[in-house]
Asker: 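One structure, pasted below without further comment.
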Amino acid sequence: MKSFNACLALFGKHFFPLALPWWQRVTISERLAPLYYNKIMRACAGEPIPGFNPDLERNWGGHAGVSQLTAQAMTAPDNVPEILGQHHGFFPSVNGYKADDEIFGGAAWYQQRTL
């Protein structure tokens, strides 16, 4: 089984190119979360990271909620976090969550989302 750090490194390398403008990187960054990673692994018959159930994403609006929380934590310009959070046409339920919460991968995954 791949280690947590190996999964993070592989996922970030393929899905988070650093040469993009900040606004594109923030919308891609929402996918840098262990639950989203496991959703992809489930769809591709890959090996998930143990302990992260992607079905829980509905509690905070999925990857859109992660994007909103990340932009808030990065002190993005006014309205940007809400716009990112609503890019699927609904208001994510992010109250009570922080961008670096363990359910989103903790500090290690947050750091990758904010590079």
Side-chain angles (χ1 to χ4, degrees):
M1 174 180 293
K2 290 181 182 174
S3 72
F4 174 81
N5 288 334
C7 291
L8 176 60
L10 175 68
F11 192 59
K13 177 180 174 184
H14 293 289
F15 293 100
F16 197 62
L18 296 176
L20 295 174
W22 75 268
W23 54 272
Q24 287 179 319
R25 291 181 64 225
V26 170
T27 57
I28 291 172
S29 75
E30 65 199 17
R31 288 155 177 91
L32 276 175
L35 294 167
Y36 193 86
Y37 177 90
N38 280 357
K39 187 185 293 185
I40 291 172
M41 292 299 102
R42 180 191 291 170
C44 299
E47 191 171 331
I49 300 170
F52 290 97
N53 179 356
D55 295 333
L56 296 175
E57 283 191 314
R58 69 178 70 109
N59 293 337
W60 56 83
H63 65 268
V66 175
S67 188
Q68 181 172 341
L69 290 167
T70 300
Q72 286 172 345
M74 294 173 66
T75 61
D78 289 344
N79 301 319
V80 169
E82 290 78 15
I83 291 167
L84 293 171
Q86 296 171 33
H87 75 260
H88 284 292
F90 63 90
F91 295 92
S93 301
V94 296
N95 290 337
Y97 292 104
K98 297 181 307 182
D100 62 352
D101 280 344
E102 287 301 314
I103 195 69
F104 307 131
W109 288 71
Y110 172 73
Q111 182 180 13
Q112 291 296 311
R113 287 193 296 271
T114 58
L115 286 176

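The analysis underlying the following values was restricted to heavy atoms, covering all of them including side chains, and did not include hydrogens, waters or symmetry mates.
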Asker: What do you reckon, is CZ of Phe91 surrounded by more than 12 foreign heavy atoms closer than 6.0 Å?
Answerer: no
Asker: Would you call Phe52 and Lys39 a side-chain contact if the rule is heavy atoms closer than 4.5 Å?
Answerer: no
Asker: Show every salt bridge (Lys or Arg N to Asp or Glu O under 4.0 Å) that has at least one partner inside residues 80-94, sequence neighbours left out.
Answerer: none
Asker: Scan residues 85-94 for pairs that pass salt bridge (Lys or Arg N to Asp or Glu O under 4.0 Å), counting only residues two or more places apart or in two chains.
Answerer: none
Asker: Hey, does Leu35 have a side-chain heavy atom less than 4.5 Å from the side chain of Ile103?
Answerer: yes
Asker: Restricting to non-hydrogen atoms, name the atom on Val94 and the atom on Trp60 that form the minimum distance, rounded to 0.1 Å.
Answerer: CG1-O, 3.9 Å
Asker: Do Asp100 and Arg113 have side-chain heavy atoms sitting under 4.5 Å apart?
Answerer: no
Asker: Once you round to the nearest 0.5 Å, how far does CD of Gln72 lie from NZ of Lys98?
Answerer: 13.0 Å
Asker: Nearest 0.5 Å, what's the CD-CG distance between Glu57 and Asp55?
Answerer: 9.0 Å
Asker: How far does OH of Tyr36 sit from CE of Met41, to the nearest 0.5 angstrom?
Answerer: 11.0 Å
Asker: Would you say Ile49 ends up clustered with Leu56 if hydrophobic residues are merged whenever their side chains have heavy atoms under 4.5 Å apart, either directly or through other cluster members?
Answerer: yes
Asker: What is the minimum heavy-atom distance between Ala73 and Ala99, and which atoms define it?
Answerer: CB-CB, 3.9 Å
Asker: Should the pair Tyr97 and Phe104 be assigned to parallel (<30°), tilted (30 to 60°) or perpendicular (>60°) ring geometry?
Answerer: tilted
Asker: Taking all non-hydrogen atoms of both residues, which atom of Pro92 and which atom of Gly85 are closest, and how far apart?
Answerer: CG-O, 3.0 Å
Asker: Examine distances only and state if a side-chain atom of Thr70 and a backbone atom of Val66 form a donor-acceptor pair shorter than 3.5 Å.
Answerer: yes
